[in-house]
Amino acid sequence: MKLCVVGIGGAGGKVTQEFLENDDLDLKLISWITQAEYISTGGIKGIWLEADKNDAKNIQHFFGDLTEGAYPGFFIPHDVVGDGSELHVEVKKKYGYDVKKQGFVRDAQYLKAIYEIFETDKNIQQIADKTMNGDGGRSSILNPIFDGAWNTIRPYTTLGGGDCDGILFIVSFGGGTGTGFINPIINHIRNEGKADYPVFVLGILTELGDFADRAQFAKEGRRNLAAISAIYDLLTKSNGANGVIMVDNQILMDRFGNDYASANKFIYEIMRPIVAARDFPGEIPPSQAIAQHFSEGVSRPPLFVPLYAAQPRRKNPEEDLVRKALAEGKLFGCVPVKADWAIAFCRGFVDSEKIRQAISAQMGLMKENIWVLRKMGEGDDEILVLLRNPYGLDSEAYKKEGTLENRLCQVITLASRYMRQNVEALFYEGKDSTTAKEGRKNEQIKLTEEAKVPLKEFFFGKQMGIEDYGIIKDNFDNTGGFAFELREARKRLKAGDKPPLFTHPLRIFDKDAGMEEKDKAKAEAFSLDEQRILEIVDKRVEQKLADLKLK
Ligand SMILES: Nc1nc2c(ncn2[C@@H]2O[C@H](COP(=O)(O)OP(=O)(O)OP(=O)(O)O)[C@@H](O)[C@H]2O)c(=O)[nH]1
Ligand SMILES: [Mg+2]
């Protein structure tokens, strides 16, 4: 398993940096002078996708500009669309979305909408095609922002001649860039026909309280809405990620006294048993095998809770190691025995069977549902257990602190309250619609009806009138849409229902919606390739000739 780590947004980039530190030479200068190859632990390759150009260019100095050939590099996806280009202007005119403003908006729907516009609006696709292919490059770019991002990742993967056989996306669930980008980019990879390429997500759920408000310029309710929106889309996409590993920032903040830097180092540490080099002889699973095991028997991407422990090497470490992981290693609240499957990544000198035995005895899981993988290690013995979907089957669980049900109910409650109290802000209107860090592009987003109506239907269902925000407030989760689905999910959590938590994938822009029949035919014709068009023309000519002969 050799992963390409793709960090998205602020936290994603910081954590990715930990994975990509040069293992070989401590000094950047020496590396540069000797032109040493850049080597990260486990031969990991990686990239940072970011929306805030100023942060990327001027604030941090680890990643260089990928477009200038730097490695490790950052990439600003919306840079591929020229400022004031026809595409930029047309999307804004028709929908009100500024495709170059992404990431400053701090919600997950902004980029979801833009992705779906490119996916569904044939006219915008034609413009994208024209503007992006002016140089006679690729024959069809329908989704330039996501195409651009994928093109920078692809060369590191086995799909593009690189040697990474899987991708690990790292995002925080709480901002706008990570939460907005994660689902579209995975959709994009899958839509390109890469159905089996292993894709994993490590998501850091935003902490409670107001500590992050300052760093993030977004309040708790808004952060939780962004978080649950991204999680919702990840978990409802049947052919999406192979697994979503969730870490609770609240646990990390409690542990590290609100210090993000220590938390980020720790996140990398816990992942080392997965990504480090030196597999045990005979235990070298490709990412594909892990991906298959991850999602075996479930129809939607599963959620994984990590438990981690490390201890100095000792004789017969297995039982203690597992005990420690269970007692103090949970990185998201849960009741382990509820998991339907577990995979343990170990590092050091441990015995697989004894680990299995210990997990089974201590966590209460059946031995046949536990898979153990080992790596050689120096120093401590380590274990990372990933528990699959550890929730459900207990209608009291949501009341107890430290359960997954309880934590997700909290997130949903905060998100729902935010939606009810800030309906205008969901449409980028009203008092909470802008954030302090708007910088240069401070102009308001003003959605057109073309964008506002589908967005309203996405949030509140088709019956809801848009004219009066007051009506929505009174009735906001009764009439379908995302608000309603969240309410239903919370009901299921409270009832102790088995996974899946979310059931209906939701779109903002329906495919083909609002198109006249004749436009549909036109769009269809446009999307046919040249060969097919020639065939049709030939056929028509033949038919004409045949008709003439008959006369
Ligand atoms: N563990 C950890 N969490 C962070 C860090 N920075 C921010 N967070 C958390 O992640 C949430 C989202 O922040 P960012 O990752 O900066 O957001 P983003 O994806 O860049 O999105 P924007 O809103 O567009 O900036 C915050 O609310 C915090 O909860 C970090 O360095 N480490
Ligand atoms: Mg950011």
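We count residues from 1, following the sequence as given. In listed order, ligands and their atoms are each counted from 1.
For Val15, no heavy-atom contact with ligand 1 is shorter than 4.0 Å. The backbone and the side chain of Thr206 each have at least one atom closer than 4.0 Å to an atom of ligand 1 (non-hydrogen atoms only). Both the backbone and the side chain of Ala11 come within 4.0 Å of ligand 1, counting heavy atoms alone.
With distances taken over non-hydrogen atoms, the option nearest atom 12 (C) of ligand 1 out of Gly13, Gly7, Ser172 is Ser172. Within the set Met253, Lys219, Arg223, the minimum heavy-atom distance to atom 27 (O) of ligand 1 is found for Arg223. Selection from Gly12, Ala261, Gly178 by nearest heavy atom to atom 19 (O) of ligand 1 gives Gly178. In the candidate list Glu220, Glu207, Lys14, Gln17, Glu207 is nearest to atom 29 (O) of ligand 1, counting heavy atoms.
Inclusion of Gly176 in the set of residues having an N or O under 3.5 Å from an N or O of ligand 1 is warranted. At least one N or O atom of Thr177 sits closer than 3.5 Å to an N or O atom of ligand 1. The shortest N or O to N or O distance between Glu50 and ligand 1 is not below 3.5 Å.
Against a heavy-atom cut-off of under 4.0 Å, Gly175 is close to the following atoms of ligand 1: 12 (C), 17 (O), 21 (O), 23 (O). Using a 4.0 Å cut-off to heavy atoms of Asn264, the atoms of ligand 1 that qualify are 1 (N), 2 (C), 30 (C), 31 (O), 32 (N). Of all the atoms in ligand 1, the ones that sit under 4.0 Å from a non-hydrogen atom of Asn249 are 1 (N), 2 (C), 3 (N), 4 (C), 9 (C), 29 (O). Of all atoms in ligand 1, listed by their number and element, those nearer than 4.0 Å to a heavy atom of Gly9 are 19 (O), 20 (O).
Between Asp381 and Arg347 no salt bridge is recorded (no basic side-chain N to carboxylate O distance below 4.0 Å). Residues Glu90 and Lys94 are not paired through a salt bridge, judged by the lack of any N-O separation under 4.0 Å between the basic side chain and the carboxylate.
Gln410 meets the side-chain contact (heavy atoms from CB on, under 4.5 Å) test with Leu208, Asn406, Arg407; sequence neighbours excluded. Applying the side-chain contact (heavy atoms from CB on, under 4.5 Å) criterion to Pro336, with sequence neighbours excluded, gives Leu326, Lys330, Cys334, Met363, Leu387.
Under the 4.0 angstrom criterion for non-hydrogen atoms, Leu252 is not in contact with ligand 1.
The ring of Phe146 has its center no closer than 6.0 angstrom to the ring center of Phe118. Outside the 6.0 Å centre-distance limit, the rings of Phe484 and Phe476 are not counted as a close aromatic pair.
Within the 4.5 Å cutoff, the side chain of Met271 has heavy atoms near those of the Ile274 side chain.
For the atom pair Ile114 CD1 and Tyr97 OH, the distance stands at 7.5 Å (nearest 0.5 Å).
A tilted orientation is assigned to the rings of Phe460 and Phe427, their planes being inclined by 30° to 60°.
Phe294 does not carry Arg388 over the face of its six-membered ring by the limits of under 6.0 Å from the centre and within 45° of the normal.
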